[in-house]
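First, the structure itself, so that you have it in front of you.
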Amino acid sequence: MRTGSIRREESMKEEFYTQKRWLNWMNKVKESQFRLPESEQDAAGAVFVYIMDDVILACLKVIARFEKGILSQDEALATIRNIREIVSAEHESLGEDADMMLSSLRTSLAAVFESCNSYILGDYDRDRKMEDMISDAVKAETDGRIEDALAVVGNIGARVIAGERPPEIPDMDYCVVAELLDGIDAIAAAMVGDTSYKEEDGSPLEEEI
């Protein structure tokens, strides 16, 4: 058997993110007894930031394997889809305030998953000014075209994954696009933070968090 085939079989056994890991985080949220209004810097609120980072690092790990040829395009897309399904699965109420934060987190992560898909497919606008793209996304949301807004923000995120600097996000009232752009900011922060995802060798995922 050729080395490439061996590496491909090993990659298929690797778990990038698990339901158990997500449920561990949900238990931590429940234990935090999060209440609004609380600063994200408070321990109770910070758990949502940690969850975001954890999921993003798993996605970036998939991207790194794809770039190295360890995962095919189809395998990478399927893995991102699996992570998205884990994150999106219904869960018992964690409390009204925590449920609101979790909903916001999932919206931001939707942009992360869309960005990864766009990058893996190579199907994103590389030329349009990002600031203009943000305006396009806001316009799409205003018109009720949320999926179009998500697609535009996913294009921005794909370019950030490809190495471009994230755009300056203008001040805006609360809206879905603002939450989606939070996901892009989180991708950029993760890429200049813990870069170990680029070098990991596929050892079993540590579930203790």
Side-chain angles (χ1 to χ4, degrees), residues 1-25 49-89 105-128 130 133 150-167 180-209:
M1 182 179 291
R2 293 185 300 176
T3 302
S5 298
I6 294 173
R7 291 178 70 193
R8 176 60 53 80
E9 288 184 5
E10 289 177 345
S11 75
M12 294 300 291
K13 298 176 182 178
E14 183 176 3
E15 290 186 297
F16 292 87
Y17 206 81
T18 65
Q19 183 180 39
K20 180 181 177 182
R21 190 171 185 86
W22 177 255
L23 292 177
N24 283 346
W25 279 119
V49 179
Y50 301 150
I51 295 171
M52 171 84 85
D53 290 345
D54 194 46
V55 174
I56 289 175
L57 286 172
C59 291
L60 290 177
K61 186 177 176 183
V62 176
I63 295 292
R65 299 300 186 280
F66 169 67
E67 290 176 335
K68 293 178 181 179
I70 298 173
L71 292 177
S72 69
Q73 183 182 78
D74 286 346
E75 288 167 345
L77 291 170
T79 305
I80 295 296
R81 182 169 62 250
N82 181 64
I83 298 173
R84 186 172 196 164
E85 289 172 353
I86 290 172
V87 169
S88 302
L105 171 68
R106 282 172 165 159
T107 300
S108 297
L109 285 173
V112 174
F113 300 133
E114 186 73 16
S115 299
C116 291
N117 287 339
S118 295
Y119 178 80
I120 292 167
L121 289 168
D123 182 23
Y124 55 94
D125 188 336
R126 295 168 172 81
D127 301 318
R128 188 166 171 76
M130 290 189 185
M133 295 172 76
L150 174 59
V152 172
V153 175
N155 271 229
I156 295 172
R159 288 168 60 171
V160 170
I161 293 172
E164 289 192 49
R165 293 183 60 181
L180 294 173
L181 289 171
D182 282 345
I184 306 308
D185 267 354
I187 291 173
M191 291 181 68
V192 298
D194 180 3
T195 58
S196 62
Y197 66 87
K198 297 179 181 179
E199 307 300 334
E200 290 180 12
D201 58 5
S203 56
L205 180 66
E206 176 58 58
E207 293 292 352
E208 294 298 325
I209 55 177

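Remember, predicted model here, so these are calculated numbers, not experimental data.
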Side-chain touch Tyr17/Val62, heavy atoms, less than 4.5 angstrom: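 Side-chain contact under 4.5 Å: no.
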Check: Val87 main-chain N/O paired with Arg106 side-chain donor or acceptor under 3.5 Å: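 Answer holds: yes.
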Pairwise distance CD(Glu15) to OG1(Thr79) - rounded to 0.5 angstrom: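 If we round to the nearest 0.5 Å, Glu15:CD and Thr79:OG1 are 11.0 Å apart.
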Atom pair CD1/CH2 of Ile51 and Trp25 - distance to nearest 0.5 Å: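 One gets 6.0 Å once the value is rounded to the nearest 0.5 Å.
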Shortest non-hydrogen contact from Gln73 toward Leu121: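 Of all heavy-atom pairs spanning Gln73 and Leu121, the closest is NE2-CA, 3.7 Å.
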CA sep, side-chain torsions, deciding dist, call: Val112, Val55, side chain to side chain contact (heavy atoms under 4.5 Å, CB included): CA-CA 9 Å; Val112 174; Val55 174; 5.7 Å; no
Leu71 CG to Ile80 CD1 distance, which is reported to the nearest 0.5 Å: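 One gets 9.5 Å once the value is rounded to the nearest 0.5 Å.
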Shortest non-hydrogen contact from Arg84 toward Asn117: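 Minimum heavy-atom contact is NH1-ND2, 4.5 Å.
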Which residues share a salt bridge (charged side-chain N to carboxylate O under 4.0 Å, His left out) with Glu85, sequence neighbours left out: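 Result, salt bridge (charged side-chain N to carboxylate O under 4.0 Å, His left out) vs Glu85: none returned.
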Any Ile187 side-chain heavy atom under 4.5 Å of Ser115 side chain: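 Yes, their side chains come closer than 4.5 Å.
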Heavy-atom closest contact (Ala190 atom, Leu60 atom, distance):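 The pair with the smallest heavy-atom distance is CB-CD1, 3.9 Å.
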Test item: Val153 and Glu114 side chains (from C-beta on) under 4.5 Å apart, heavy atoms: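 A side-chain contact is absent here, since even the closest heavy-atom pair is not under 4.5 Å.
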Closest approach of Leu150 to Ala110 (non-hydrogen atoms, all atoms of both residues):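 That closest heavy-atom pairing would be CD1-O, 3.7 Å.
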Distance in Å, Leu109 CG paired with Ile56 CD1, rounded so as to fall on 0.5 Å steps: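 The distance works out to 6.5 Å.
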Euclidean distance, Gln19 CD relative to Ile83 CD1, rounded to 0.5 Å: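 Answer rounded to 0.5 Å: 13.5 Å.
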Side chain to side chain, Asp54 and Arg21, heavy atoms closer than 4.5 Å: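 Of all side-chain heavy-atom pairs linking Arg21 with Asp54, at least one is under 4.5 Å.
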Any donor-acceptor N/O pair, Asn155 side chain to Asp125 backbone, under 3.5 Å: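 Yes, the answer is positive, given that a donor and an acceptor are paired below the 3.5 Å cut-off.
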Atom CZ of Arg165: over 12 foreign heavy atoms under 6.0 Å: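 No, the 6.0 Å shell around CZ holds no more than 12 heavy atoms from other groups.
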Tyr119 and Tyr124 aromatic ring geometry - parallel, tilted or perpendicular at 30°/60° bounds: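 It falls in the parallel class, under 30°.
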Shortest non-hydrogen contact between Ser108 and Met52, atoms and distance: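 Shortest heavy-atom separation between Ser108 and Met52 comes out as CB-CE, 3.3 Å.
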Chi angles and distances behind the side chain to side chain contact (heavy atoms under 4.5 Å, CB included) call for Arg65, Glu75: CA-CA 10 Å; Arg65 299 300 186 280; Glu75 288 167 345; over 6 Å; no
Non-hydrogen side-chain atoms of Arg159 and Met133 separated by less than 4.5 Å: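 With C-beta onward as the side chain, the pair touches.
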Asp182 side, atom CG; Thr107 side, atom OG1 - distance, nearest 0.5 Å: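 Separation between the atoms: 10.0 Å.
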Side chain to side chain contact (heavy atoms under 4.5 Å, CB included) between Leu77 and Phe66, worked out: CA-CA 9 Å; Leu77 291 170; Phe66 169 67; over 6 Å; no
